[in-house]
S.K.: 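Submitted below is the structure of interest, expressed as structure tokens.
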Number of protein chains: 2
Amino acid sequence: MSELLYYDLKDSAGVAPGLATQVCRELGRRIVAGHFPEGSLIDDENKLCTRFGVSKSVVREAIKLLVGKGLLEVRRGSGTRVRRRASWNLLDDDVLAWHQGIEPKPEFLRQLMDVRQMVEPNAAGWAAKTATPEQIEDIRNAQHDMEQAASIQDFVVADALFHRSVLRAANNEVLIALEGVIFSALLSSIKVTNSDPRENKRSLPLHRQVLKAIEAHDSEGASSAMREHLADTYERLAGALPDFNAKRGAKLQGE
Amino acid sequence: MSELLYYDLKDSAGVAPGLATQVCRELGRRIVAGHFPEGSLIDDENKLCTRFGVSKSVVREAIKLLVGKGLLEVRRGSGTRVRRRASWNLLDDDVLAWHQGIEPKPEFLRQLMDVRQMVEPNAAGWAAKTATPEQIEDIRNAQHDMEQAASIQDFVVADALFHRSVLRAANNEVLIALEGVIFSALLSSIKVTNSDPRENKRSLPLHRQVLKAIEAHDSEGASSAMREHLADTYERLAGALPDFNAKRGAKLQGE
DNA sequence: ACAAATAAAACATCAGATGTTTAGTATCTC
DNA sequence: GAGATACTAAACATCTGATGTTTTATTTGT
């Protein structure tokens, strides 16, 4: 699987990132990958400067970016330490994207999927009520692209665009901010159940059904079609990942 | 209503914020308040330095923080501009908190409440399945504090802690990241329906019901009790705010 | 042992110099 | 006069080094 990134679907300006952004990404990826225990000190500014071969201002700006995402906590005189994972802005697009760089953890993927199952049926239902003709057109186009996709690459991109269009059609700003979660879960899922392109085609009828319901302004229908589609995905993940559903309802060890 | 802030409920280190953080907040608040049109250039680094009376490094770090939250976009040679609202990390705790500084917009509050209605019944249902004894204890304590609250202040804090405890008891990291949304909606709601303390007490039985259901590991019961409570809140908001439900299902003007 | 003074480490801020990119303007060519 | 080129000013990016403040650890004195 090639290097499909979330940014590929974002309308971000394609400007080359500065040094601060690069250092931020590098550190961010390592933190998310778990290279540092929670609460541990990271190297001080000077060490980071020499390690990355940049000046102090660059390092400080990179650290500020990570502080803003909740990954780091800086204490004057003491040092900079990694915050508890519970304090991270897990919904930040960058933080989610950095999770893509590591082996998907079944437990985390299940949590993402649980959230998808909570969010998307509602979004589809609302979309059926409030979508504008243009928004419906976007969904239709994405659905069409899924049908016509030649490569698995194209299919995934179209799939992502489909779900994004539905989310946006719900016309709820807060909901749209959850786009990254849907995309991240979708990417991880593909990574896991990658095997057979024909397998993916199985989801086409359900997508078609979601589209039809939204076109018909059938809120209930859109919800349940989306629910069914996600339940199907859920099943396939559970089949592919042994530990996918392991901790469900049996959280024993202390927090 | 006094200056109750989200941070009051956060386990953040109570360290005095540096200059960069202060500048960031000041700018962030103004942006969120809508003082700048989308896409407009803000003052350049030098002007910001003189305006805030700080050095360039401080300004640059502040801007980096805002870039990380999606509010600003910096282009070398060109300038720094405010991004479209759709690109903001609306789920970022700071961005949500800055919304508290301005008059709550009915449309936005409704969107927050829609998301709460989507999230919290599910969370309560999951909590009923997976909550540990300690987590249930936390919920119980918050519920008890609501009953005993002497001031409206105390009541709001206890209310917030109740909903936070339930959210955390669902044992889903991604869900926990939505804490800020719940808190923000709750604060805005209080601001709107502030009038009568006795009015707030009305929600006590429903909170009690949620607690009971979770204690009994009754997932369905917890869900529906929470759903009922939120529907009630929703009604009160709709009654208090004329435009609360205005745009629902009638999104006419272009994006 | 306990407490106060001290020293070292680490972040915070400032100031200024230099490089790069962008956007706009002027100019030159045909 | 239209279009391409060259110049210039504005604005961000990066580096350097100096100075201040806070925290932590150590030393020292009784």
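The model shown is predicted, which means the values in this text are computed figures rather than measured ones. Each chain gets a letter, A, B and so on, in the order its sequence line appears, and its residues count up from 1.
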S.K.: Are A/E45 and A/R60 ion-paired here, with the side-chain N under 4.0 Å from a carboxylate O?
M.R.: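 Looking at A/E45 and A/R60, the cut-off is met.
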
S.K.: For the pair made of CG in A/D44 and P in D/dT23, what is the distance, rounded to whole Å?
M.R.: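 One finds 18 Å between P of D/dT23 and CG of A/D44, rounded.
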
S.K.: Of the listed nucleotides (C/dC11, D/dC12, C/dC14), which one gets closest to any side-chain atom of B/E45?
M.R.: D/dC12

S.K.: Could you tell me if the side chain of A/L48 sits less than 4.5 Å from the side chain of A/K56, heavy atoms only?
M.R.: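 Answer no - side chains too far apart.
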
S.K.: Taking atom C1' of D/dT16 as reference, at what distance in whole Å does atom CG of A/N46 sit?
M.R.: 13 Å

S.K.: For B/D43, enumerate each residue passing the side chain to side chain donor-acceptor pair (under 3.5 Å) test, keeping only those at least two apart in sequence or located in another chain.
M.R.: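 Partners of B/D43 under the side chain to side chain donor-acceptor pair (under 3.5 Å) test: B/R51.
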
S.K.: I'd like to check the side chain to side chain donor-acceptor pair (under 3.5 Å) partners of B/S57; sequence neighbours left out, ordered by chain and number.
M.R.: B/S55

S.K.: Within this structure, what is the NZ-to-P distance between A/K47 and C/dA10, rounded to whole angstrom?
M.R.: 6 Å

S.K.: Hey, does the side chain of B/S165 reach the backbone of B/A142 with a donor-acceptor pair shorter than 3.5 angstrom?
M.R.: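 Absent.
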
S.K.: Whole Å only: how far is the CD atom of B/E73 from the P atom of D/dA13?
M.R.: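 Distance check: B/E73 CD to D/dA13 P gives 12 Å.
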
S.K.: Determine: side-chain N/O of B/T80 to OP1/OP2 of D/dC12, distance under 4.0 Å, yes or no.
M.R.: yes

S.K.: Find every protein N or O atom lying less than 3.5 Å from an N or O atom of nucleotides 5-8 of chain D, and list the pairs.
M.R.:
none

S.K.: Is B/E38 salt-bridged to B/R84, cutoff N-O under 4.0 Å?
M.R.: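 No.
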
S.K.: Below 4.0 angstrom, which residues in residues 48-67 of chain A have at least one non-hydrogen atom near DNA chain D?
M.R.: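 A/V54, A/S55, A/K56, A/S57, A/V58, in order of number.
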
S.K.: Could you tell me the separation between the CZ atom of B/R81 and the P atom of D/dC12, rounded to a whole number of Å?
M.R.: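 Computing the B/R81:CZ to D/dC12:P distance gives 10 Å.
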
S.K.: Any pair with a residue in residues 144-167 of chain B that passes ring pair (Phe, Tyr, Trp, His ring centres under 6.0 Å), sequence neighbours left out, goes on the list, sorted by first then second residue, please.
M.R.: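 Qualifying pairs: B/F162-B/H207, B/H163-B/H207, B/H163-B/H229.
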
S.K.: Taking all non-hydrogen atoms of both residues, which atom of A/L109 and which atom of A/S188 are closest, and how far apart?
M.R.: CD1-CB, 3.6 Å

S.K.: Choose from C/dA10, D/dG20, D/dC12 the nucleotide whose nearest atom is closest to any side-chain atom of A/R76.
M.R.: D/dG20

S.K.: Taking only the side-chain heavy atoms of B/L19 (C-beta and beyond), determine which of C/dC14, D/dC15, C/dT21 contains the nearest atom.
M.R.: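 Comparing C/dC14, D/dC15, C/dT21 against the side chain of B/L19, the answer is C/dC14.
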
S.K.: Which residues satisfy the ring pair (Phe, Tyr, Trp, His ring centres under 6.0 Å) test with A/F52, sequence neighbours excluded?
M.R.: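 So A/F52 forms no ring pair (Phe, Tyr, Trp, His ring centres under 6.0 Å) with any residue.
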
